[in-house]
2 protein chains.
Amino acid sequence: MNNRIRELRQQKGWSQADLATLLKVSRQTVNALERGRYDPSLPLAFNVARLFDLTIEDVFQPDQE
Amino acid sequence: MNNRIRELRQQKGWSQADLATLLKVSRQTVNALERGRYDPSLPLAFNVARLFDLTIEDVFQPDQE
DNA sequence: GCCATGTGTAAAGCAAACTTTACATATGCG
DNA sequence: CGCATATGTAAAGTTTGCTTTACACATGGC
């Protein structure tokens, strides 16, 4: 699962810590998501999309199978 | 997190076991999702949405906070 | 009544998501 | 140089998602 979190975050001029605060998760979680270490839970994916005013499909792209 | 899985499944005339097979998860997982016992992983949410030819936002509604 | 099918649920176990604490490295600025 | 900020990572622990096995109950058809 790819995502555009880093790109979207940088467009806003936010640090990983800033984004973590806004999402109410740890900075390590933001880092792990950006680096593709794991996928977010569905509720967190919704929070990310809403924060950037996008759909989940806009932010996350499932691997083509 | 609410979802329309049961409704969508019944529209197709599928049993929980049928849907589980199509999604490649266990029947208990389908049952738990329909009954709101937990949320699906993001990849599974994508699979559900694609199976019904809908967006994630069409199928899943986060609790209003 | 018997059997098949569909649904709900429980327990045990594994894997994935997330946390806290901690340390390393890089960059920029006084 | 010394310090602050940003990022990457690791280890250990908790919670959540999902599996397998198993059993209960309801409904409908023979």
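Chain A is the first sequence line, chain B the second, and so forth, proteins listed ahead of strands; every chain is numbered from 1.
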Assess the residue pair A:T21 and A:D18 against the criterion (side-chain hydrogen bond (donor to acceptor under 3.5 Å, both in side chains)); give the C-alpha distance rounded to whole Å, side-chain angles, the decisive distance to 0.1 Å, and a yes or no. CA-CA 5 Å; A:T21 300; A:D18 293 333; 5.9 Å; no

Ignoring backbone atoms, test whether A:S26 places a side-chain nitrogen or oxygen under 4.0 Å from the OP1 or OP2 oxygen of C:dT19.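 Yes, within the criterion.
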
Enumerate donor-acceptor pairs with a distance under 3.5 Å from any side-chain N or O in residues 36-45 of chain A to protein atoms, sequence neighbours excluded.
residue	atom	partner	partner atom	Å
A:S41	OG	A:L44	N	3.2

Atom [atom1] of [X] and atom [atom2] of [N]: how far apart are they, to the nearest Å?
X	N	atom1	atom2	value
B:I5	C:dG8	CD1	C1'	16 Å
A:N47	C:dA17	CG	C1'	14 Å
B:L42	C:dA15	CG	C1'	17 Å

I would like to know whether A:L23 and A:L19 meet side chain to side chain contact (heavy atoms under 4.5 Å, CB included); could you show each step before the answer? CA-CA 6 Å; A:L23 293 173; A:L19 179 56; 3.6 Å; yes

Test side chain to side chain contact (heavy atoms under 4.5 Å, CB included) on B:R4 and B:L54 and set out the steps. CA-CA 11 Å; B:R4 303 203 297 132; B:L54 295 170; 3.8 Å; yes

Dump the intermediate steps for side-chain hydrogen bond (donor to acceptor under 3.5 Å, both in side chains) on B:N2 and B:Q61, then the final yes or no. CA-CA 5 Å; B:N2 294 331; B:Q61 300 90 33; 5.1 Å; no

For nucleotides 4-17 of chain D, read 5' to 3', which letter fits each nucleotide if B means a protein heavy atom sits under 4.0 Å from the base, S means only the sugar-phosphate is that close, and - means neither? ---BBBB------S

Yes or no on side chain to side chain contact (heavy atoms under 4.5 Å, CB included) for A:W14 and A:L22, after CA distance, side-chain angles and deciding distance? CA-CA 10 Å; A:W14 295 335; A:L22 291 167; 3.7 Å; yes

